[in-house]
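The next block holds one structure in the form of structure tokens; read it before the comments.
In the text below, chain A, chain B and the rest are named by the order of the sequence lines, each starting its count at 1. Heavy atoms only: backbone and side chains are in, while hydrogens, waters and symmetry mates are out.
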Protein chains: 2
Amino acid sequence: MGQNSTRRSSKQISGEDIVVETAWLYYHDSLNQSEIASRLSVSRATVVNYLQEARERGYIHTKLAPEAFNTHRAALELRDHFGLKAAYILPDGTGGSDDHASRIIRGAADWLPSLLEPGDRLGVAWGKTIYDVAERLEQTTIPDLVVLQLVGSMATPYGFSADVCSSNVARKFSAKCINLHVPAILSTAEIASTLRAESLISKQLDAIRHCNKTLFAVGSCNPDSHIASSGLATLQDLEDYIARGAVGVLCGRFIDAEGNPVSGPLDNRMMGIELHELRHRDMGILVSIGEERVPAAVAAIRGGYATHVVTNQSCAAAMMDHA
Amino acid sequence: MGQNSTRRSSKQISGEDIVVETAWLYYHDSLNQSEIASRLSVSRATVVNYLQEARERGYIHTKLAPEAFNTHRAALELRDHFGLKAAYILPDGTGGSDDHASRIIRGAADWLPSLLEPGDRLGVAWGKTIYDVAERLEQTTIPDLVVLQLVGSMATPYGFSADVCSSNVARKFSAKCINLHVPAILSTAEIASTLRAESLISKQLDAIRHCNKTLFAVGSCNPDSHIASSGLATLQDLEDYIARGAVGVLCGRFIDAEGNPVSGPLDNRMMGIELHELRHRDMGILVSIGEERVPAAVAAIRGGYATHVVTNQSCAAAMMDHA
DNA sequence: TGCATTATTTGACAAAAGTCATATGCCGTT
DNA sequence: AACGGCATATGACTTTTGTCAAATAATGCA
């Protein structure tokens, strides 16, 4: 404490170390350096030195309110850890999983408009998460935006199918929408291949290969996941893929822990973008809700499908741990 | 938390509120405003606004290390409360009263040189405190300083008498010293008055009336105080003065709680400056050690004898409470 | 839909803070 | 007393930050 330098000024208001007095006048009384200099009868440069010394001595502590910054900090950690371009981590909040989900959805919907630019071609995947995000989007016009449906449609008990997702997103942005007017899955590979050869379908499939940004969620490989409950895959299929190393589902396709495609019985029967076409776009926006999807989300990031991630604190922490 | 303004930039690194991100880059990553502005693709003026908002929202806390400032803060409080020009409060420290005393003495000795200017006429009182301060003074030359002995001399068992105090102070400052070559107290008022009429003495007494600064301590009215133990006053005298309202002793003179002189049997027998001559000098430096002297110190301040005070935290607090 | 109102952003300027080479003062040595 | 080395202080200059009125974008309302 009482540093005993010879530095003193007869103009001091207390006998205290002049460095302390300077710091006090500056930080507590918020005088500027010139005022302090003339009060203490020293040059302003000297005041600068005193303030520097006060900081070096650790008299001044500047702290950022943790509650305002810890989600931001978590986002930076996630970004750096996985080499993402950006991340948005929402606070966990106090409520249950519904609360968590809605926060993430709101976050994604808030963020999305600022991630899109005129002329973008946005590929949109399928799923309840994406559907909810689309619902939450504010009406915002983005000039020359094109929205593309990445996977075939599929009736579900939940009232959202791939075409509704893409259409809704397009509507909110007043964008043109290119839908994929085929079922997500067909009974045989032959029918699928025949369809793919159809001129109209072929053009649509071609179009989605040229999107520069994508918006998607991932599914887990749990038996109660949407991929199974929607009837897209049977439990048998699921086990089959899991046995081959699948940890998650992305646009109806299975990926392993590294994000590589896992081949299996459904592949040829599916209509929609293929995984290698989904990789390394300008921007891949992954919205992930729920800790059960963490392995799938990490795989999607590792695989190069996602550059931007929206999730919450607990999931982000789990992702960091998982890796 | 998640403030949901529409303000967003596509260049943000997280989906977080741009105000948070700005604050982070500024305070945590210590980028300057221009760097932040170009990173976020906004004008620098906008960055200024965001930072202002971050401060308004209470995201930024700047704290002054209490251990460095609480004595300073106490000094300012004491100064403001009593209308002093300045105060120097030393930390209490961990040791016992010896430790307290030596800190205060060191503090006073450190401070004193910066309070004096060339041409000053410094009146010095008598007492162990002042003696110790003089001992502690660093050798410093103050041009044209004159040191004056304010009260007559008095042999004590402690080895300090008024002439030694003033001589030592003068020596340390290479100053001219005007001593008062008479005893502090005489057996009768007549002898005292005869002495005062002596040409030499008269001149000396006259000289001390023209000092512009004074250095003194106060004594309590306890039976074990120096005023009694040195033999200057008998216990009988003491009780007499106390009965008339005395709370302390200043240059051998008794004062009441308001700092006004308390007249009594010793007054006419004493040689030295009178209280009304001591008041309202340019500067009156009171060095006060020990809680038992708090009432006396407060009285000395109230009476207008002191403009500057050196003491420690516990005494300063007691002085505030006392008032 | 068009217009008025309000919030936000911006560029140009002013003020404040930081830097650095030089100057001053201080202390120990010759 | 003169000298060199070290620490501190200063003035002139550069960079950074703050201010403010005007422009632009968002919002509400008839």
**Item:** Contact letters for nucleotides 12-25 of chain C, in which S counts primed atoms plus P, OP1 and OP2 and B counts the base, heavy atoms under 4.0 Å
**Value:** ----SBBB------
**Message:** Please verify the inter-ring angle class for B:H308 with B:W111; under 30° counts as parallel, over 60° as perpendicular, anything in between as tilted.
**Reply:**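 Ring orientation, 0 to 90° scale: tilted.
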**Request:** Please work out which of the three classes, parallel, tilted or perpendicular, describes the rings of A:F69 and B:W24, given edges at 30° and 60°.
**Result:**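 It falls in the tilted class, 30° to 60°.
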**Message:** Can you see whether B:N168 engages B:R171 through a side-chain donor-acceptor pair at a distance of less than 3.5 angstrom?
**Reply:**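 Distance-only check passes for B:N168 and B:R171.
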**Prompt:** Phosphate oxygens OP1/OP2 of D:dT10: is one of them under 4.0 Å from a side-chain N or O of A:S43?
**Reply:**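 So the side-chain polar atoms of A:S43 do come within 4.0 Å of the phosphate oxygens OP1 or OP2 of D:dT10, strictly under.
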**Asked** Is there a side-chain polar atom (N or O) of A:Y50 under 4.0 Å from OP1 or OP2 of D:dA9?
**Response**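 Answer is yes, contact under 4.0 Å.
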Atom pair distance, as rounded to whole Å: [atom1] in [X] and [atom2] in [N]:
| X | N | atom1 | atom2 | answer |
| --- | --- | --- | --- | --- |
| B:L25 | D:dT16 | CG | P | 16 Å |
| B:E53 | D:dT19 | CD | P | 15 Å |
| A:L40 | D:dT8 | CG | C1' | 16 Å |

**Item:** Residue B:R136 excluded, over 12 heavy atoms near CZ under 6.0 Å
**Value:**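 Not more than 12 within 6.0 Å, no.
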**Asked** Going through the checks in order, is the salt bridge (charged side-chain N to carboxylate O under 4.0 Å, His left out) test met by B:E53 and B:R57?
**Response** CA-CA 6 Å; B:E53 181 158 352; B:R57 287 192 199 162; 2.8 Å; yes
**Request:** Please identify each residue that fulfils side-chain hydrogen bond (donor to acceptor under 3.5 Å, both in side chains) with B:D163, with sequence neighbours left out.
**Result:**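 For B:D163, the residues satisfying side-chain hydrogen bond (donor to acceptor under 3.5 Å, both in side chains) (neighbours in sequence not counted) are B:S153, B:S161.
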